[in-house]
2 protein chains.
Amino acid sequence: MRWSDLENEPCPVARGLSVVGDRWTLLVLRDCFRGLRRFDDIHASLKITRHVLADRLKRLESTGVLERQQYSTAPPRFEYRLTEKGRALYPVMVSLIQWAETYQPHDGTPPYRFHDRETNALLDPVLVDRGSQVPIDSRHVRAARAQGADKPL
Amino acid sequence: MRWSDLENEPCPVARGLSVVGDRWTLLVLRDCFRGLRRFDDIHASLKITRHVLADRLKRLESTGVLERQQYSTAPPRFEYRLTEKGRALYPVMVSLIQWAETYQPHDGTPPYRFHDRETNALLDPVLVDRGSQVPIDSRHVRAARAQGADKPL
DNA sequence: GCCATGAGTTCCGAAACGGAACTAACTTGG
DNA sequence: CCAAGTTAGTTCCGTTTCGGAACTCATGGC
């Protein structure tokens, strides 16, 4: 299996990772969720090589996660914004944050908290079944294809 | 920034990715969630080089995501099982699956569905605020440190 | 003894990455 | 008008990691 083959795998985990599964892409998207849009701002934040950053932004644009928009014509300058497809990755990001804060803590830094932008209410993000509100737990869940064989995950 | 520095970053996204952010680790964990436990089974499923697989399993064991258990003494044989810390990554995996099924679809394969193992009820996993049941959406959420500066994400 | 099984390790060429400098297209300050 | 600054990249080169295949080691079965 090569990395470039992942995008055509039937497994959705593989297809997801073909877009965001390399070492830096999710950190670029973290900066986008923080509001950064320009090459140099993201570069200053991440400190990966400009070479790699340029490549990642190009890929994210080509997969439709970011869009490149001109914000100045003379000189021509571009910025990167999350598309709907990109914003839809927020639950992945938040789930990862929750996991890391619990199981991979960092001493000396107060924990992350999520708030409603309008009411300022504290939020406690949790993955549940929409109908029953029961939390999703790997030991109580079985994954299968809609029709056909009962192949797990 | 180097990959090996991520684990000590204050940012929880960086710390999470220091464990699961490389190109193959989440695919190894997908196989673990599917029930695979043995080296050769995971190798047959993933088809990455044995070299890389051995390295990833070692790292996952050292970070406490998997545990290596002996299941045969003569010859000595080991298998890898998810720990609680590993099972806690299930929401990340499920969020990624939901995203990929929606935005990175694969023709000709029926979509994934999640069911309750006991009642067999269809589940619709969604990230919500535990109190209000309101879905978590990047445009309506602000991330900040608990006390101190209001630095986003 | 000979082959099979399971869990790796070793070796080498290819691809990706890190660091630093360089380019291009302007704008601003003197 | 010229020099310096800003922004968004690109190029070059040495190091690290990866892919593919073969090899090791312990043991069990025929």
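In what follows, chains carry the letters A, B, and so on, assigned in the order in which the sequence lines appear, proteins first and then strands, with residues in each chain numbered from 1. This is a predicted model, so every value here is computed, not measured.
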What's the [atom1]-[atom2] distance between [X] and [N], to the nearest Å?
{"X": "Leu57(B)", "N": "dT9(C)", "atom1": "CG", "atom2": "C1'", "result": "14 Å"}
{"X": "Glu79(A)", "N": "dT7(D)", "atom1": "CD", "atom2": "P", "result": "12 Å"}
{"X": "Leu46(B)", "N": "dC18(D)", "atom1": "CG", "atom2": "C1'", "result": "14 Å"}
{"X": "Leu66(A)", "N": "dA8(D)", "atom1": "CG", "atom2": "P", "result": "14 Å"}
{"X": "His43(A)", "N": "dA21(C)", "atom1": "NE2", "atom2": "P", "result": "13 Å"}
{"X": "Ile48(A)", "N": "dG9(D)", "atom1": "CD1", "atom2": "P", "result": "13 Å"}
{"X": "Leu53(A)", "N": "dC17(C)", "atom1": "CG", "atom2": "C1'", "result": "13 Å"}
{"X": "Arg37(B)", "N": "dA7(C)", "atom1": "CZ", "atom2": "P", "result": "13 Å"}

Practice problem: Would you mind telling me which residue lines up with the more 5' stretch of DNA chain D, Asp22(B) or Ala54(A), judged by nearest nucleotide? | Solution: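 Result: Ala54(A).
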Self-check item: Upstream residue (5' side of DNA chain D) when Trp24(B) and Lys58(A) are each assigned their closest nucleotide
Solution: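 Its nearest nucleotide lies further toward 5', so the answer is Lys58(A).
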Practice problem: Give a yes or no on whether the backbone of Gly64(A) and the side-chain of Thr83(A) come within a donor-acceptor separation of less than 3.5 Å. | Solution: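 Yes, the answer is positive, given that a donor and an acceptor are paired below the 3.5 Å cut-off.
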Quiz item: Arg68(B) side chain to Glu61(B) main-chain N or O, any donor-acceptor pair under 3.5 Å?
Solution: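 Not confirmed, Arg68(B) side chain does not pair with Glu61(B) backbone.
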Quiz item: Would you call Asp137(B)-Arg139(B) a salt bridge at under 4.0 Å N-O?
Solution: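 Yes, Asp137(B) and Arg139(B) are salt-bridged.
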Base [N] to side chain [X], donor-acceptor N/O within 3.5 Å cut-off:
{"X": "Arg38(A)", "N": "dT7(D)", "answer": "no"}
{"X": "Arg50(A)", "N": "dA8(D)", "answer": "yes"}
{"X": "Arg2(B)", "N": "dG18(C)", "answer": "no"}

Quiz item: If you look at every strand shown and take non-hydrogen atoms under 4.0 Å, does His51(A) touch a base, only sugar-phosphate, or nothing?
Solution: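 Base: the residue His51(A), judged by heavy atoms under 4.0 Å, touches a nucleobase.
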Quiz item: With a non-hydrogen cut-off below 4.0 angstrom, is Lys47(B) in contact with a base, only sugar-phosphate, or nothing?
Solution: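 The residue Lys47(B) makes no contact with any strand.
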Exercise. Nearest-nucleotide wise, let me know which of Phe39(B) and Met1(B) is further upstream toward the 5' end of DNA chain C.
Key: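 Nearer the 5' end of the strand: Phe39(B).
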Residue [X], side-chain atoms from C-beta onward, closest of [options]:
{"X": "Tyr71(B)", "options": "dG9(D), dC18(D), dG6(C)", "result": "dG6(C)"}
{"X": "Asp40(A)", "options": "dG9(D), dA8(D), dC26(C)", "result": "dA8(D)"}
{"X": "Arg23(A)", "options": "dT17(D), dA16(C), dA8(D)", "result": "dT17(D)"}
{"X": "Tyr80(A)", "options": "dG9(D), dT11(D), dT27(C)", "result": "dG9(D)"}
{"X": "Ala74(A)", "options": "dA26(D), dG8(C), dC26(C)", "result": "dC26(C)"}
{"X": "Arg77(A)", "options": "dA25(C), dG9(D), dT17(D)", "result": "dA25(C)"}
{"X": "Arg56(B)", "options": "dT6(D), dC18(D), dG6(C)", "result": "dC18(D)"}

Quiz item: Would you call the rings of Phe114(B) and Tyr90(B) parallel, tilted or perpendicular, where under 30° means parallel and over 60° means perpendicular?
Solution: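 Perpendicular.
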Quiz prompt | Aromatic Phe78(B) / basic Arg37(B) pairing, under 6.0 angstrom, 45° off normal | solution =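 No.
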Self-check item: Inter-residue atom distance Asp129(A).CG - Asp124(B).CG, 0.5 Å rounding
Solution: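 Spacing of CG (Asp129(A)) from CG (Asp124(B)) equals 6.5 Å.
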